[in-house]
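Everything below concerns the one structure shown next.
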Amino acid sequence: MEAPLYPDLPPDPSAPRCGQPAFWVGPRHLAGDDGRLYDVVTDALAGLGWTSLTIVRGRHEPDEEPEDRQVLRSTVLHISPDALRWAQWGLADEPFHLGGLPIAWQISARAEASSPLAQWSAYFTRDVPGEAVVDFLLALDASNQPASALARPDLVLDAVAAHGWFRDIDQPQAAATDPTFTSHISLGEVPPLIQDGDPRALSAEDDETRPAGWQAWAEPVLGAPLLWVASFAASVPHDVVAAFVASLSSTAPVLRRVLPEVTQERLLRAPAI
């Protein structure tokens, strides 16, 4: 069972980061994003040579001082060199929610740069471990055909099973959970408004089978708010999803200063010296 290695030295999320001790913690899927999901991902994208653009929408009244301008929405967009992939960080006044949590990163891909529409999109809320989002992007960046699903779906569950996650007894080919039954991965109907270029995702009637997509989430306390959610449109390549869940379920510890309050007692941690 998971328990703190040093229960008398818990990081204090309310304290300034510069004054907080660093810890190696696990399991990764309950470690949160350290409050650095934006920085970790943007640093990785800069290393890949992606271009960043900032879009700001606000309200500016006549004779209003610049410092008094009301910014309603700020979006940072990162675009790959071939313009086939992009990642968007948005802090909106009317955010898009998954599982009751606002979306932090939306990552998309298309088959041709001339197409104005994404073939698929994937969505990540805050507290998704940044390492997993980065590994998803690394796999996406390395793909020669980012809009084509060439791998089999069982690659995704094989990735988490290799790290000790259990396949669902009733759906062994479509779902798995970690050994503590707090984090889950499932292949099934996607939530509303998930962008997908597959026409069946838009035209299927209620009595027809819609394309299935992967969903992942963490529910540390049954019935309580979720810690994080990740949602993948049906057309997201399975090998790219597998890169995400392989990183998410990894048994390697991660460095953290800020831990989610709801999972602190479930984490193994040791001071980083």
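This chain uses plain numbering: 1 for the first residue, then up along the sequence. Everything numeric here is computed off the predicted structure, so don't read it as measured data.
In terms of the salt bridge (charged side-chain N to carboxylate O under 4.0 Å, His left out) criterion, residue partners of D154 (sequence neighbours excluded) are, by chain and number, R152. Partners of S148 under the side-chain hydrogen bond (donor to acceptor under 3.5 Å, both in side chains) rule, at least two apart in sequence or in another chain, do not exist in this structure. When the salt bridge (charged side-chain N to carboxylate O under 4.0 Å, His left out) test is applied to D170, no partner is found at least two apart in sequence or on another chain. For P237, the side chain to side chain contact (heavy atoms under 4.5 Å, CB included) partners at least two apart in sequence or on another chain are W120, D239, V240. Under the rule for a side-chain hydrogen bond (donor to acceptor under 3.5 Å, both in side chains), D43 has no partner lying at least two apart in sequence or in another chain. Every residue two or more places apart in sequence or in another chain that forms a side chain to side chain contact (heavy atoms under 4.5 Å, CB included) with S121 is listed here: Q106, S108, A118, Y123, Q195. D39 pairs by the salt bridge (charged side-chain N to carboxylate O under 4.0 Å, His left out) definition with nothing, not counting sequence neighbours. With sequence neighbours excluded, no residue forms a side-chain hydrogen bond (donor to acceptor under 3.5 Å, both in side chains) with R110. By the side chain to side chain contact (heavy atoms under 4.5 Å, CB included) test, A147 pairs with A111, Q119, sequence neighbours left out.
The number of heavy atoms from other shown groups lying within 6.0 Å of CD (Q171) is above 12. The number of heavy-atom neighbours closer than 6.0 Å to CG of D82, taken from other residues, nucleotides and ligands shown, is above 12.
Using a 4.5 Å cut-off between side-chain heavy atoms of Ile, Leu, Val, Met, Phe, Trp and Tyr, with links allowed through other members, L53 and W89 fall into different hydrophobic clusters. Clustering ILVMFWY residues whenever any of their side-chain heavy atoms sit less than 4.5 angstrom apart, transitively, puts L84 in a cluster other than the one holding V241. One hydrophobic cluster, built from ILVMFWY side chains closer than 4.5 Å, holds both V134 and W228. Taken together through direct or relayed side-chain contacts under 4.5 Å among Ile, Leu, Val, Met, Phe, Trp and Tyr, L77 and W50 form parts of separate hydrophobic clusters. Linking Ile, Leu, Val, Met, Phe, Trp and Tyr residues whenever their side-chain heavy atoms come within less than 4.5 Å places Y38 and F136 in a single cluster.
Proximity of H78 to T51: side-chain heavy atoms (C-beta onward) are nowhere separated by under 4.5 Å. Using a 4.5 Å heavy-atom cutoff, the side chains of W105 and V41 are in contact. In this structure the side chain of L30 reaches within 4.5 angstrom of the side chain of S183, judged on heavy atoms. Between L259 and L267 the shortest side-chain heavy-atom distance falls below 4.5 Å. A heavy-atom distance below 4.5 Å is found between the side chains of L140 and P146. A 4.5 Å side-chain heavy-atom check between L138 and L48 finds at least one atom pair inside the cut-off.
With hydrogens and angles ignored, the 3.5 Å screen pairs no side-chain donor or acceptor of R126 with any backbone N or O of L37. A donor-acceptor contact shorter than 3.5 Å links the side chain of S249 to the backbone of V245. Proximity of a side-chain donor or acceptor of D127 to a complementary backbone N or O of G32 within less than 3.5 Å is not detected.
Residues in residues 156-180 take part in these ring pair (Phe, Tyr, Trp, His ring centres under 6.0 Å) pairs, two or more places apart or across chains: H29-W165. Applying the ring pair (Phe, Tyr, Trp, His ring centres under 6.0 Å) test to every pair with at least one member in residues 240-273, sequence neighbours left out, gives these pairs: F124-F244, F232-F244.
Nearest heavy-atom pair across A132 and S247 is CA-OG, 3.3 Å. The shortest non-hydrogen separation linking V190 to A234 is CG1-N, 4.3 Å. Between G99 and V229 the shortest heavy-atom distance is CA-CG2, 4.3 Å.
Note on R167 versus D158: salt bridge recorded, some NZ/NE/NH1/NH2 to OD/OE distance being below 4.0 Å.
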List the atom pairs, with distances to 0.1 Å, where a side-chain N or O of residues 213-227 and a protein N or O form a donor-acceptor pair under 3.5 Å, not counting sequence neighbours.
| unit_1 | atom_1 | unit_2 | atom_2 | d |
| --- | --- | --- | --- | --- |
| W214 | NE1 | H238 | ND1 | 3.1 |
| Q215 | OE1 | S231 | OG | 2.5 |
| E219 | OE2 | G223 | N | 3.0 |

Item to check | I107/L137 under side-chain contact (heavy atoms from CB on, under 4.5 Å): CA gap, chis, key distance, verdict | outcome: CA-CA 8 Å; I107 299 170; L137 282 163; 3.7 Å; yes
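Note that the CZ atom of R85 and the CG atom of L45 stand 12.0 Å from one another [nearest 0.5 Å]. With rounding to the nearest 0.5 Å, the separation of CG in L255 from CZ in R269 is 13.5 Å. Taking OG of S186 as the start and CG of D168 as the end, the distance is 8.0 Å to the nearest 0.5 Å.
A side-chain contact (heavy atoms from CB on, under 4.5 Å) with E131 holds for exactly one of L248, V254, D34; it is V254.
Side chain to side chain, H184 and T177 meet the donor-acceptor criterion of an N or O pair below 3.5 Å. Remark: the R28 side chain and the T251 side chain contain no N/O donor-acceptor pair separated by less than 3.5 Å.
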